[in-house]
Amino acid sequence: MAHLHRRSQATPENKCCVSSSGWGAQEAGNVDETDLALAREMNELSVNEREQVFDEIHGVAKSEEETPDFIAQCLAKMDLSLSMIPKAKRKALDRALFFKPSIETDAEFKLMFLRTDDYDSHKAAIRMAKYFAEKLLIFGEEKLVKKITLDDLTEEDLKRLNFTGCIVLPNKDQVGRPIWFFDMARIELQDLESVYRCFWYQVMATVEDETAQIKGVCDVAYCPGDLLAIPSSMMETSQLFSRTGRMMEGLPCRVTTFQFCYNDKRVKYLLSVMAKAFGKHVRLRLRSHFGSDLEMQYSLMTFGIHCHYLFRSAENDGRMELLRSQYINGRRKMEQEEHQERLEVESRSGIILHPQPYDVLVGRGRPYQEYPGNQRLVRLVEAQSERYRFLQDRFEKSCIILNIVKTVNNSNGRFLQKCSEGWWTVAPAKVAREKTCSAFRSIVGKANMKDDTLKHSAPSDSDASSPKRLKRVQDNPSGQVV
């Protein structure tokens with residue numbers, strides 16, 4: 001294990017290489033400081049903790065036996081911890097519980113977070129709150145409680161999935177852990193928001209496998225010297241690592257080993273960025289490999305990771321393209337089957353698992369008003385409000401209301417209301433019309449109030465000839481300010 005503690009020496013040659021690429025002495029010092037910090041954190045661990053880290057890196061750590069009593073106890077503690085999270089830090093979580101009350105009793109969903117944090121209920125609760133906060137930031141409120149599928153990604157996202165340098169390899173390591181392979185020189189960094197959406201999708205797709213939740217995943221980041229030839233790539237890659245580190249604080253994914261591979265010493269600067277961006281858990285499991293592609297491949301094999309994709313060749317490029325195509329086609333087929341199954345369940349039970357983006361939620365208060373489907377209804381009503389406002393025929397007003405309800409339904413939207421058990425159900429047609437009519441009353445009422453205000457604020461001819469006005473003119477005929 002001596003090689004795990006060895007600190008690289010900052011030779012004059014290394015410093016010269018760093019400076020020649022534009023990184024000054026401060027960045028070079030950060031690399032050395034990172035090595036020292038990693039060694040210090042490792043030395044602060046107890047013997048048992050250190051052995052636990054080494055076992056996890058090599059995939060031989062013992063996992064907790066998930067007996068029914070143990071799981072029930074962990075879930076009860078997690079529920080208690082969730083209730084104790086301050087309101088300011090659980091806004092997204094509360095929104096998610098409002099849209100999908102079943103989250104509160106979804107044991108499988110909560111187990112993902114418990115397994116990620118070694119069944120520490122308090123840490124799992126905090127991670128779950130961060131999960132919804134990050135998801136709200138990346139995908140918006142309309143997808144907060146929805147399982148992200150390929151249909152939720154943009155065309156740019158799908159293109160990125162087809163050609164990105166990030167892929168889950170078909171083979172697993174020696175103990176059955178999934179392997180994420182990142183070729184940093186092939187990740188297009190022009191649209192980082194798209195990168196984050198793709199990364200989120202791939203992480204959540206990976207942890208659908210219970211084995212990945214229990215044993216964790218292996219990350220292999222390949223940072224070749226090609227990065228130095230791409231303008232601003234080092235800065236954007238640094239930003240990517242920093243943002244990804246914050247995302248990982250909320251994702252229910254346990255990284256048991258992170259292997260950093262590079263063939264140019266100037267790229268090692270990114271190692272310090274990664275160490276800072278990712279938490280202590282990942283930092284302690286971070287290992288670096290320097291050398292040729294073949295040397296790095298042999299070095300990874302000592303950790304039980306067989307990664308033949310480090311070689312740059314036409315054959316490997318074609319193989320990677322085929323793997324991505326098979327991955328996306330397989331995911332799309334599975335997601336379509338799940339979607340059809342969900343529709344059948346909702347049709348049989350009459351219970352809506354969670355609102356869709358174009359659904360209109362029937363109710364009062366900010367949670368309802370801020371939902372995207374409700375805001376869309378307001379825009380539809382505003383477009384017809386002037387016409388509706390001056391109509392005298394009630395039948396014509398009813399036709400406008402029915403047309404808006406029809407527009408919502410034709411765009412895969414529904415009017416939903418909560419039943420007494422907290423589930424969402426499709427509201428009757430009468431309730432949908434009343435909801436739309438209520439929106440008209442609110443908007444027309446505000447317009448009328450605005451007109452009344454303008455009418456009363458404007459001076460009238462009668463005001464000019466009033467006795468008080470005449471007396472003021474007689475007392476001050478010049479109109480001078482006194």
Side-chain angles (χ1 to χ4, degrees), residues 94-104 136 139-147 151-152 339-455:
D94 288 337
R95 295 290 287 166
L97 292 172
F98 170 77
F99 294 132
K100 191 176 181 182
S102 61
I103 292 175
E104 202 162 5
L136 180 63
F139 292 100
E141 190 170 80
E142 66 272 17
K143 298 173 184 175
L144 180 60
V145 295
K146 183 183 183 299
K147 176 184 175 181
D151 291 337
D152 297 311
H339 176 70
Q340 188 61 35
E341 183 180 348
R342 179 180 62 82
L343 293 179
E344 293 175 358
V345 169
E346 291 182 347
S347 177
R348 289 196 305 267
S349 65
I351 294 176
I352 308 301
L353 299 180
H354 56 79
Q356 298 296 318
Y358 290 121
D359 290 337
V360 176
L361 309 183
V362 179
R364 294 179 178 273
R366 181 172 293 180
Y368 294 90
Q369 295 171 357
E370 293 180 348
Y371 190 69
N374 290 51
Q375 293 178 350
R376 180 172 178 266
L377 174 65
V378 170
R379 291 193 295 271
L380 292 173
V381 169
E382 285 176 341
Q384 299 290 331
S385 60
E386 284 300 309
R387 180 187 171 199
Y388 182 92
R389 179 184 176 190
F390 295 106
L391 281 175
Q392 301 299 325
D393 191 335
R394 296 183 63 183
F395 176 75
E396 292 186 18
K397 287 187 174 182
S398 298
C399 288
I400 293 176
I401 291 173
L402 288 173
N403 283 335
I404 289 181
V405 172
K406 187 177 180 180
T407 300
V408 172
N409 293 331
N410 289 343
S411 59
N412 295 324
R414 302 161 293 183
F415 287 81
L416 304 181
Q417 62 182 4
K418 272 192 173 183
C419 60
S420 57
E421 291 82 9
W423 297 97
W424 294 101
T425 58
V426 177
K430 182 180 178 181
V431 175
R433 293 195 299 270
E434 289 175 351
K435 175 67 176 177
T436 308
C437 184
S438 175
F440 269 114
R441 284 197 302 269
S442 176
I443 292 173
V444 170
K446 291 178 181 178
N448 290 335
M449 187 180 298
K450 182 179 180 180
D451 286 352
D452 290 342
T453 302
L454 293 174
K455 183 178 179 181

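The chain is numbered in sequence order, starting from 1. Values reported hereafter were calculated over all heavy atoms of this structure, with side chains retained and with hydrogens, waters and symmetry mates removed.
Taking the side chain as every heavy atom from C-beta outward, Lys146 and Gln356 approach each other to under 4.5 Å. Here the side chains of Pro372 and Arg376 are not in contact, with every heavy-atom distance at 4.5 Å or above.
Summarising the geometry of Cys437 relative to Ile401, their closest heavy-atom pair is CB-CD1, 3.8 Å, with the distance given to 0.1 Å. A pairwise comparison of heavy atoms in Val360 and Gly373 identifies CG2-O, 3.7 Å as the closest pair. Heavy-atom minimum distance, Ala96 versus Leu144: N-CD2, 3.7 Å. Between Ile443 and Val381, the closest heavy-atom pair is CD1-CG1, 3.5 Å.
Put simply, CZ on Phe395 and CG on Leu402 are 8.5 Å apart, with the number rounded to the nearest 0.5 Å. The structure places CG of Leu416 at 11.0 Å from NE2 of His354, a figure rounded to the nearest 0.5 Å. Atom CG of Asn374 sits about 14.0 Å away from atom CZ of Arg366, to the nearest 0.5 Å. Note that CD1 of Ile351 is 8.5 Å distant from OG1 of Thr425, once rounded to the nearest 0.5 Å. Put simply, CZ on Arg364 and OG on Ser438 are 5.5 Å apart, with the number rounded to the nearest 0.5 Å. Note: Gln384 CD to Thr407 OG1 = 8.5 Å, rounded to the nearest 0.5 Å.
A donor-acceptor contact shorter than 3.5 Å is absent between the side chain of Ser347 and the backbone of Leu343. The backbone N or O of Val444 sits nowhere less than 3.5 Å from a side-chain atom of Ser385 that would complete a donor-acceptor pair. With hydrogens and angles ignored, the 3.5 Å screen pairs a side-chain donor or acceptor of Lys143 with a backbone N or O of Asp152. Without hydrogens or angle criteria, Lys418 side chain to Phe98 main chain gives a donor-acceptor distance under 3.5 Å.
Relative orientation of the Tyr388 and Phe440 rings is parallel, given thresholds of 30° and 60° on the angle between their planes.
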>> Between Thr436 and Val408, is the side-chain contact (heavy atoms from CB on, under 4.5 Å) condition met? List the steps.
In response: CA-CA 10 Å; Thr436 308; Val408 172; over 6 Å; no
>> Between Lys435 and Gln417, does the side-chain contact (heavy atoms from CB on, under 4.5 Å) criterion hold? Intermediate values first, please.
In response: CA-CA 11 Å; Lys435 175 67 176 177; Gln417 62 182 4; over 6 Å; no
> Under the side-chain contact (heavy atoms from CB on, under 4.5 Å) criterion, do Phe415 and Val431 qualify, and how do the steps go?
Replying inline: CA-CA 8 Å; Phe415 287 81; Val431 175; over 6 Å; no
>> Between Leu136 and Arg95, does the side-chain contact (heavy atoms from CB on, under 4.5 Å) criterion hold? Intermediate values first, please.
In response: CA-CA 10 Å; Leu136 180 63; Arg95 295 290 287 166; 5.6 Å; no
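The number of heavy atoms from other shown groups lying within 6.0 Å of CZ (Phe139) is above 12. Summarising the local packing, CD of Glu341 is surrounded by 12 or fewer heavy atoms from other residues, nucleotides or ligands at distances under 6.0 Å. Taking a 6.0 Å sphere around CD of Glu104, one finds it holds 12 or fewer heavy atoms contributed by other residues, nucleotides or ligands.
Glu346 pairs by the salt bridge (charged side-chain N to carboxylate O under 4.0 Å, His left out) definition with Arg342, Arg414, not counting sequence neighbours. Remark: Glu386 engages Arg389, Phe390 in a side chain to side chain contact (heavy atoms under 4.5 Å, CB included) (not counting sequence neighbours). Checked against ring pair (Phe, Tyr, Trp, His ring centres under 6.0 Å), Trp423 has no partners two or more places apart in sequence or in another chain.
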